[in-house]
Amino acid sequence: IGSIAYVNGIKYTLGNNGVWEELQHLDDEDIDYEELVNSLIDYSFTQIDDKFIYKLSRSKHASDNDFSKIDAQSVTTVSSGILYSSLIEELNFPNLIDLKEDGEYFLGGYLPNLKTINLPNVLTTINFSSGVFPKLETLNIDNVIRRSSDTLSNQFDYSNIIDTLNDENSQNHDYYTQIYGDDEIPNKAPIKNISIKYWKEIGNDEFKDLVDLEYVDARNAYICGSDDNNPFSGCTNLKSVNINSVKNVCDNIFKNCSYLESLYCKNLISIPSGMCYGCNKLTKIDSNAINIGDGAFGYCSTLIDVSLPNATSIGIGTFTYCTDLTDINLPNVINISNGAFSNCSSLTDVILPNATSIDNGAFYYCTSLTDINIPNVTSIGSGAFNNCSSLTDISLPSVTSIDDGAFYFCTSLVDIYSPNVISIGNDAFGGCRNLTDFNLRNAADISDGAFNNCTSLTDVSLPSATSIGKI
């Protein structure tokens with residue numbers, strides 16, 4: 001006997017001549033639960049229709065068996081909607097490819113106990129709007145064709161049902177009460193895990209306000225919302241997101257997602273402003289992005305591993321208050337913007353071999369900083385290393401200008417090597433009370449208080465100075 005199909009209550013077999021032949025008509029009393037469920041699993045049934053599981057769940061055998069899981073290993077085609085059973089908790093159709101009628105009613109009606117939908121190989125669209133799933137947690141629709149007219153957020157939105165249940169004057173109040181009774185219906189399905197690995201596009205507001213959402217795998221999507229639209233708006237419980245193929249995302253896309261632990265975004269061209277601001281459980285970032293926007297990782301207090309090998313610019317406050325960050329190596333960065341690493345209190349080592357400028361307050365209050373490698377930097381902004389109290393010596397071979405308060409209150413600083421510096425701003429080294437030696441042989445313009453309260457400095461030589469303020 002070849003493949004078996006179940007269509008319109010009739011069981012068929014595909015004979016050797018390639019013709020479907022009727023075996024028997026299956027009424028409720030005729031259905032053998034164990035035989036049919038085993039047929040799903042042992043690769044007998046390849047095609048079923050809307051009456052299959054409905055009749056199965058109502059058969060005389062259903063109440064005597066565990067009907068919580070439908071494990072339809074063999075089914076590749078479903079001719080129309082099939083699911084109406086309140087008993088089902090897990091639906092597994094790993095080889096289902098074809099949904100007739102574009103799955104318009106595939107998951108129709110009220111499925112109060114359904115927790116898992118696994119349809120990884122379906123190649124048609126599915127309309128989840130025709131069903132209600134108040135306990136749904138896992139959704140695997142890796143290959144489903146995205147319905148461009150409707151987001152997943154909208155398809156799992158039950159707010160209209162709640163409004164109707166709460167309005168006794170509503171036209172459908174009695175009807176809905178009959179269906180849902182006293183069951184608790186959430187505003188949105190409580191989905192925690194979504195796998196859409198082969199979707200090409202994540203739409204605007206795609207997951208909006210799915211507040212229980214924790215894990216999203218969209219590793220092959222190349223579009224994720226628009227420049228001013230956040231697909232993850234309101235997803236406050238996100239823990240892991242894979243958008244490894246996406247090139248661009250909007251500003252603040254994961255801002256204040258305080259539970260976000262893992263983010264896979266290897267191929268972003270740019271990391272936008274505020275992308276992970278306030279994600280205080282994020283520990284690692286690995287991306288090929290070229291530009292890193294303002295505040296992108298600000299207040300990511302547990303961030304310890306940063307790999308940005310292609311980055312050329314770091315925005316304002318990009319890593320401010322990343323208090324667990326201990327070392328940073330940015331081999332291609334040219335510019336470090338204002339406050340980029342300010343208040344990174346655990347930062348000890350900085351390697352910036354190609355950087356040419358460090359802007360105002362870039363490393364302000366990095367109190368653990370001991371080693372910094374900046375051989376090509378030519379300018380250091382105001383307060384750039386202000387209160388870096390563990391810094392003992394610094395080599396600035398290419399620097400020509402040091403702005404106001406650049407090393408103010410670096411109380412452990414003993415030695416400075418900056419042979420090409422020309423101008424030194426107000427209070428540039430003020431309060432460096434342990435400073436004993438410096439090489440500033442080309443310094444010409446020394447501003448007021450440049451060495452104010454450098455109480456250990458006993459011998460000063462500035463052979464090229466042409467202007468010296470009040471020291």
Side-chain angles (χ1 to χ4, degrees), residues 2-8 12 14 18 20 39-54 69-84 88 90-109 111 114-131 133 136-156 189 191 193-204 206-207 210 213 215-225 231 242-246:
S3 297
I4 297 175
Y6 179 89
V7 181
N8 294 327
Y12 293 87
L14 184 62
W20 286 98
S39 295
L40 287 174
I41 297 173
D42 69 8
Y43 298 91
S44 295
F45 276 96
T46 59
Q47 181 177 344
I48 57 178
D49 74 348
D50 61 328
K51 295 184 176 63
F52 182 85
I53 293 177
Y54 177 71
K69 180 176 181 179
I70 298 299
D71 193 7
Q73 297 284 339
S74 56
V75 174
T76 59
T77 302
V78 174
S79 59
S80 62
I82 65 168
L83 286 179
Y84 306 95
I88 302 170
E90 182 175 349
L91 175 68
N92 183 30
F93 278 69
N95 294 298
L96 180 61
I97 296 173
D98 187 18
L99 280 174
K100 302 300 182 182
E101 302 176 12
D102 287 337
E104 192 67 22
Y105 302 105
F106 176 62
L107 293 168
L111 295 165
L114 186 62
K115 296 179 180 179
T116 300
I117 297 173
N118 185 34
L119 306 168
N121 289 303
V122 171
L123 297 176
T124 57
T125 59
I126 297 179
N127 179 13
F128 293 104
S129 300
S130 58
F133 323 103
L136 184 63
E137 295 181 355
T138 300
L139 180 66
N140 182 349
I141 49 173
D142 285 338
N143 283 285
V144 165
I145 298 173
R146 184 183 179 279
R147 289 172 57 91
S148 58
S149 61
D150 211 354
T151 65
L152 289 177
S153 175
N154 287 338
Q155 292 188 57
F156 291 101
I191 305 173
N193 309 286
I194 293 179
S195 183
I196 47 175
K197 291 177 185 174
Y198 301 105
W199 282 30
K200 298 302 180 186
E201 178 179 353
I202 299 172
N204 293 343
E206 190 71 65
F207 310 109
L210 291 177
L213 189 60
Y215 303 96
V216 175
D217 189 345
R219 64 184 63 184
N220 288 296
Y222 58 86
I223 295 175
C224 187
N242 188 334
I243 49 172
N244 246 353
S245 297
V246 170

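Scope of the values below: all heavy atoms of this structure, side chains included, with no hydrogens, waters or symmetry mates.
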Trainee: Quick check against the 3.5 Å criterion: does E206 have a side-chain atom that pairs as donor or acceptor with the backbone of G203?
Mentor: yes

Trainee: Looking at residues at least two apart in the chain, or sitting in another chain, which of them share a side-chain hydrogen bond (donor to acceptor under 3.5 Å, both in side chains) with N92?
Mentor: D71, N118

Trainee: Return yes if some donor-acceptor pair links the side-chain N/O of E201 with the main-chain N/O of I223 below 3.5 Å, else return no.
Mentor: no

Trainee: Would you mind reporting whether V216 and F207 have side-chain heavy atoms less than 4.5 Å apart?
Mentor: yes

Trainee: Are the side chains of W199 and I145 in contact, using a 4.5 Å heavy-atom criterion?
Mentor: no

Trainee: Going by the rule side-chain contact (heavy atoms from CB on, under 4.5 Å), which residues pair with L123 if we only count those two or more places apart in sequence or in a different chain?
Mentor: I97, N143

Trainee: Name all residues meeting the side-chain contact (heavy atoms from CB on, under 4.5 Å) criterion together with D142; count only those two or more places apart in sequence or in a different chain, and write none if there are none.
Mentor: P120, N140, S195, K197, Y198

Trainee: Could you tell me which residues satisfy side-chain contact (heavy atoms from CB on, under 4.5 Å) with N244, sequence neighbours excluded, listed by chain and number?
Mentor: N242, Y264, K266

Trainee: Determine whether F93 and T76 make a side-chain contact, defined as any pair of heavy atoms from C-beta on separated by less than 4.5 Å.
Mentor: no

Trainee: Using side-chain heavy atoms (C-beta onward) and a distance below 4.5 Å, is I141 in contact with I196?
Mentor: yes

Trainee: Is the shortest side-chain heavy-atom distance between S129 and D150 below 4.5 Å?
Mentor: yes

Trainee: Just jot down the side-chain hydrogen bond (donor to acceptor under 3.5 Å, both in side chains) partners of N193, sequence neighbours excluded, or say none.
Mentor: T138

Trainee: Are any of the side-chain heavy atoms of F133 and I191 separated by less than 4.5 Å?
Mentor: no

Trainee: For S245, enumerate each residue passing the side-chain hydrogen bond (donor to acceptor under 3.5 Å, both in side chains) test, keeping only those at least two apart in sequence or located in another chain.
Mentor: none

Trainee: Quick check: do T125 and N127 have side-chain heavy atoms less than 4.5 Å from each other?
Mentor: no

Trainee: Does some side-chain heavy atom of V246 sit less than 4.5 Å from a side-chain heavy atom of Y222?
Mentor: no

Trainee: I need the L91 CG to K115 NZ distance, nearest 0.5 Å.
Mentor: 15.0 Å

